[in-house]
Peer 1: 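Submitted below is the structure of interest, expressed as structure tokens.
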Amino acid sequence: MQPLVGITCSEDSERQRYFLGFRYARAVETSGGIPLLLPASEKSVTIFARLLDGLLLSGGVDVDPVFFDEEPVPGMGEMTPQRDAFEILLTREFLAMDKPILAVCRGIQVLNIAAGGDIYQDIYSQYNGALKHQQHALREFPSHGVVIGPDTKLRKIANADKIRVNSFHHQAVRKIAPGFITGARSNDGIVEAIESQNHKFVLGIQWHPECTWERDAYSRKLFAAFVEAC
Ligand code: MN
């Protein structure tokens, strides 16, 4: 049977709407999964986790620093606290059940915080020597390289030690959650991927493979490996 993959949505606070780019669902569908969009319903977390075979944490705006006991720095951007709370609870439920998680961009931040790590709220004011991580090129194109760690799931999936990725973030993983390892770093030392050592398939990546899977074999392999795990 095809696995049921839940995908979290962004929130438009002003117009009070959920939204999600087409590409996440298409990438899941093309890889053999059934995509299902999830509203930020905290009360439904237990049922969602029981029903779904996998969780795709989608990209979006910044995560509220209250979830790792910090006050916001001036470089913090837009926040959606309801989405944060929902995604963190849902992620913890998936981790507890050891069900597969693929966390994209904002998702890697949510995953790391949910598992007990923290993040840079704004790398440009909190991290010395950061490269440009908010590219001004189409999302289909890579803008910087990442070095993939040896003995990582990512290395096996990509079958390469270096790949080029797109980049649309100003936050990044800082303290890696217990039980997780670095999957990849950009050349400035920023963590670009993390993975759990204690779960079958829990992977966070800072880039957006849903935008490049039509062009890149490694992006297709990433979604294929995720859906396969589901
Ligand atoms: Mn980047």
Side-chain angles (χ1 to χ4, degrees), residues 8 10 21 23-24 27 56-63 65 68 73 75-79 84 87 91 101-115 117-150 152-155 157-177 180-196 202-223 225-226:
T8 57
S10 282
R23 285 162 154 160
Y24 294 99
L56 176 51
L57 291 168
S58 66
V61 297
D62 293 356
V63 184
F68 46 97
V73 302
M76 263 290 297
E78 187 189 343
M79 290 191 293
D84 295 341
E87 288 189 333
T91 300
I101 301 174
L102 180 62
V104 168
C105 198
R106 164 196 159 86
I108 187 177
Q109 271 101 52
V110 171
L111 171 62
N112 194 52
I113 293 165
D118 65 21
I119 63 166
Y120 293 105
Q121 295 181 40
D122 174 46
I123 51 174
Y124 300 113
S125 55
Q126 298 184 312
Y127 187 92
N128 274 337
L131 292 168
K132 183 178 172 77
H133 285 274
Q134 261 167 332
Q135 73 184 48
H136 287 94
L138 290 176
R139 302 179 86 81
E140 290 86 346
F141 295 94
S143 73
H144 69 67
V146 296
V147 176
I148 302 175
T152 59
K153 204 177 277 299
L154 201 55
R155 173 78 72 101
I157 294 167
N159 195 24
D161 55 359
K162 278 182 205 162
I163 56 173
R164 287 186 60 77
V165 299
N166 57 10
S167 195
F168 300 92
H169 61 107
H170 77 113
Q171 300 201 310
V173 167
R174 185 169 56 190
K175 187 189 91 201
I176 295 180
F180 281 70
I181 56 167
T182 303
R185 281 181 201 273
S186 44
N187 291 329
D188 52 5
I190 295 270
V191 173
E192 288 268 341
I194 58 169
E195 48 189 68
S196 170
V202 174
L203 188 58
I205 48 176
Q206 190 64 74
W207 61 92
H208 281 276
E210 81 283 2
C211 299
T212 52
W213 63 272
E214 281 161 310
R215 301 173 61 92
D216 279 327
Y218 72 80
S219 300
R220 282 194 294 278
K221 284 191 229 166
L222 195 56
F223 275 102
F226 169 55

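Source: prediction; values computed, not measured. Any value given below was found using the heavy atoms of this structure, including those in side chains, with hydrogens, waters and symmetry copies removed. Quick note: residue numbers are just sequence positions, from 1. Each ligand, and each atom within it, is numbered from 1 in the order the structure gives.
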Peer 1: Consider only side-chain N and O atoms of Tyr24 and Glu210, and report whether a donor and an acceptor are under 3.5 Å apart.
Peer 2: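 Note: Tyr24 and Glu210 side chains meet the donor-acceptor criterion.
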Peer 1: Run the salt bridge (Lys or Arg N to Asp or Glu O under 4.0 Å) test against Glu140 and tell me which residues pass, sequence neighbours left out.
Peer 2: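 Result, salt bridge (Lys or Arg N to Asp or Glu O under 4.0 Å) vs Glu140: Arg23.
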Peer 1: With sequence neighbours left out, write down each residue that passes salt bridge (Lys or Arg N to Asp or Glu O under 4.0 Å) with Glu192, or none if nothing qualifies.
Peer 2: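 Residues passing salt bridge (Lys or Arg N to Asp or Glu O under 4.0 Å) with Glu192: none at all.
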Peer 1: Check which protein N, O or S atoms are less than 2.8 Å from the Mn ion (ligand 1) and report how many there are.
Peer 2: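 Near the Mn ion (ligand 1), the number of protein N, O or S atoms below 2.8 Å is 5.
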Peer 1: Scan for salt bridge (Lys or Arg N to Asp or Glu O under 4.0 Å) pairs involving residues 120-131, sequence neighbours excluded, and state none if there are none.
Peer 2: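 Listed once each, the pairs would be none.
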Peer 1: Between the side chains of Glu87 and Thr8, does any donor sit under 3.5 Å from an acceptor?
Peer 2: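 Short answer, yes.
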Peer 1: If you measure only the distance, is there a donor-acceptor pair under 3.5 Å linking the side chains of Asp188 and His133?
Peer 2: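 His133 and Asp188 do have a side-chain donor-acceptor pair below 3.5 Å.
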